[in-house]
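Below is one structure, written out as structure tokens, with a few remarks after it.
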Amino acid sequence: QVQLVESGGGLVQAGGSLRLSCAATGRTFSSYAMGWFRQAPGKEREFVAAGTWTDSTTVYVHSVKGRFTISTDNAKNTVYLQMNSLKPEDTAVYYCAASRVIADDAQRYDYWGQGTQVTVSS
């Protein structure tokens, strides 16, 4: 059974940091790109970042460039999202997803995690 399991969310003050993890099990994702999306209450799901297991290709939404970093640990089959200088507008449920191509379009992603809540207080 394919599973993506996120962890690391929580409550943090503005300016703080969190690191989200996404553990991939049930199949080999080495040929997939991994993405992070987020959804705030009353808003559509938004692309945040994507990266690959095999090279250093990464893509970020403009609003998180320079603050968020996506990385992978092949040995642990885990993808991370390091979030620094957090802002209240980063508050959302964050989802991990896997796609056969690196993309910012949620429809290109085949597998999804259950999400982890990130709340940034002002």
Side-chain angles (χ1 to χ4, degrees):
Q1 181 181 359
V2 175
Q3 277 194 313
L4 298 175
V5 180
E6 302 99 332
S7 60
L11 173 64
V12 64
Q13 287 189 333
S17 299
L18 283 174
R19 188 178 77 158
L20 305 183
S21 301
C22 172
T25 61
R27 67 162 296 145
T28 299
F29 283 96
S30 58
S31 62
Y32 280 70
M34 302 300 295
W36 286 96
F37 290 77
R38 65 187 180 186
Q39 188 166 19
K43 295 188 177 181
E44 293 186 355
R45 189 167 296 190
E46 174 191 33
F47 170 77
V48 176
T52 60
W53 297 95
T54 56
D55 60 32
S56 58
T57 302
T58 56
V59 181
Y60 297 93
V61 68
H62 178 75
S63 61
V64 308
K65 280 183 180 178
R67 300 190 298 124
F68 291 11
T69 303
I70 187 171
S71 63
T72 59
D73 184 331
N74 290 21
K76 296 182 178 180
N77 229 22
T78 298
V79 60
Y80 302 99
L81 185 68
Q82 178 66 45
M83 305 186 296
N84 299 328
S85 302
L86 282 161
K87 304 175 181 180
E89 52 263 43
D90 295 318
T91 295
V93 177
Y94 283 71
Y95 297 90
C96 169
S99 169
R100 292 187 179 273
V101 295
I102 191 166
D104 60 4
D105 182 354
Q107 294 187 350
R108 303 297 295 270
Y109 286 77
D110 302 309
Y111 301 100
W112 291 84
Q114 82 288 348
T116 186
Q117 176 70 47
V118 171
T119 303
V120 184
S121 63
S122 57

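In this structure, Glu89 has no salt bridge (Lys or Arg N to Asp or Glu O under 4.0 Å) partners at least two apart in sequence or on a different chain. Residues that satisfy the ring pair (Phe, Tyr, Trp, His ring centres under 6.0 Å) test with Tyr60, not counting sequence neighbours, are absent from this structure. Remark: Phe37 pairs with Phe47, Tyr109, Trp112 by the ring pair (Phe, Tyr, Trp, His ring centres under 6.0 Å) rule, at least two apart or across chains. With sequence neighbours excluded, the residues satisfying side chain to side chain contact (heavy atoms under 4.5 Å, CB included) with Ser30 are Thr28. Residues passing the salt bridge (Lys or Arg N to Asp or Glu O under 4.0 Å) test with Arg100: none are found, sequence neighbours excluded.
Atom CZ of Arg108 is surrounded by 12 or fewer heavy atoms from other residues, nucleotides or ligands within 6.0 Å.
Side chains of Tyr32 and Thr52 form no contact here, defined as non-hydrogen atoms less than 4.5 Å apart. Under the 4.5 Å side-chain criterion, counting only non-hydrogen atoms from C-beta, Thr91 is in contact with Gln117. At a threshold of 4.5 Å between non-hydrogen side-chain atoms, the residues Val59 and Ile102 count as touching.
Rounding to the nearest 0.5 angstrom, the gap separating the CG atom in Asp90 from the OG atom in Ser63 is 7.0 Å. Between the CG atom of Leu86 and the CZ atom of Arg67 there is a distance of 6.5 Å, given to the nearest 0.5 Å. To the nearest 0.5 angstrom, Asn74 atom CG is 12.0 Å from Lys76 atom NZ. Note: Leu81 CG to Arg38 CZ = 9.5 Å, rounded to the nearest 0.5 Å. Here the straight-line distance linking atom CD1 of Ile70 with atom CE of Met83 works out to 12.0 Å at 0.5 Å rounding. A distance of 14.0 Å separates NZ in Lys87 from OG in Ser122, rounded to the nearest 0.5 Å.
The main-chain N or O of Thr25 is never found under 3.5 Å from a side-chain atom of Gln3 such that the two would form a donor-acceptor pair.
Under the 4.5 Å side-chain heavy-atom criterion for ILVMFWY residues, no single connected hydrophobic cluster contains both Val118 and Tyr80.
When every heavy atom of Thr78 is checked against every heavy atom of Ser21, the shortest pair comes out as CG2-CB, 4.2 Å. The two atoms that bring Val61 and Glu46 nearest to each other are CG2-OE2, 4.3 Å, heavy atoms only. When all heavy atoms are compared, the tightest approach of Val101 to Ser99 is O-OG, 2.6 Å. Residue Met34 comes nearest to Ala98 through the heavy atom pair SD-CB, 3.7 Å, listed as atom of the first residue, atom of the second, then distance.
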* Asked: Going through the distances and angles, do Leu4 and Tyr95 end up as a side-chain contact (heavy atoms from CB on, under 4.5 Å)?
  -> CA-CA 9 Å; Leu4 298 175; Tyr95 297 90; over 6 Å; no
* Asked: Under the side-chain contact (heavy atoms from CB on, under 4.5 Å) criterion, do Leu20 and Thr116 qualify, and how do the steps go?
  -> CA-CA 8 Å; Leu20 305 183; Thr116 186; 4.0 Å; yes
* Asked: Going through the distances and angles, do Asn84 and Ser17 end up as a side chain to side chain donor-acceptor pair (under 3.5 Å)?
  -> CA-CA 4 Å; Asn84 299 328; Ser17 299; 2.9 Å; yes
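Residue pairs meeting the disulfide bond (SG atoms under 2.5 Å apart) criterion with at least one member in residues 42-122, sequence neighbours excluded: Cys22-Cys96.
The aromatic rings of Phe68 and Tyr94 sit tilted relative to each other, their planes meeting at an angle between 30° and 60°.
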